[in-house]
Amino acid sequence: MPTYEYRCEQCAETFETNEHVEEHDTGHPTCPKCGSDQVTRIPGAFFAKTSRKS
Ligand SMILES: [Zn+2]
């Protein structure tokens with residue numbers, strides 16, 4: 001299943017989520033840190049940051 005990365009507009013937390021197709025259509029992820037639904041998907045982040053694990 002695909003993994004998407006999101007950034008929270010409220011607290012700038014970034015997080016990844018696995019989405020099923022149904023969830024992608026009807027649902028909206030929320031920030032795991034502050035619970036806000038003001039999150040933006042980061043396009044391509046999936047590929048872009050492979051070497052950044054702290
Ligand atoms: Zn947040």
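Just the heavy atoms: all of them, side chains too, but no hydrogens, waters or symmetry mates, feed the values below.
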Peer 1: Taking the side chain as everything from C-beta on, heavy atoms only, tell me whether T40 gets closer than 4.5 Å to Y6.
Peer 2: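 Not touching, per the 4.5 Å side-chain cut-off.
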
Peer 1: Tell me every residue that passes side chain to side chain contact (heavy atoms under 4.5 Å, CB included) with Q38, counting only those two or more places apart in sequence or in another chain.
Peer 2: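 Per chain and number, Q38 pairs via side chain to side chain contact (heavy atoms under 4.5 Å, CB included) with E9, Q10, S36.
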
Peer 1: Return the OH to CG distance between Y4 and N18, rounded to the nearest 0.5 Å.
Peer 2: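 One finds 10.0 Å between OH of Y4 and CG of N18.
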
Peer 1: If I compare all heavy atoms of V39 with all of P29, which pair ends up nearest, and what's the gap?
Peer 2: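 Shortest heavy-atom separation between V39 and P29 comes out as CG2-O, 3.3 Å.
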
Peer 1: Residues two or more places apart in sequence or in another chain: which of them pass side chain to side chain donor-acceptor pair (under 3.5 Å) with T30?
Peer 2: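 Expected list: none.
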
Peer 1: For the residue pair F15 and C8, what are the closest heavy atoms and their distance?
Peer 2: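 In this case the closest contact between F15 and C8 is CE2-N, 4.5 Å.
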
Peer 1: How close do C11 and K33 get, heavy atom to heavy atom, and via which atoms?
Peer 2: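 Taking C11 first and K33 second, the nearest heavy atoms are SG-CD, 4.0 Å.
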
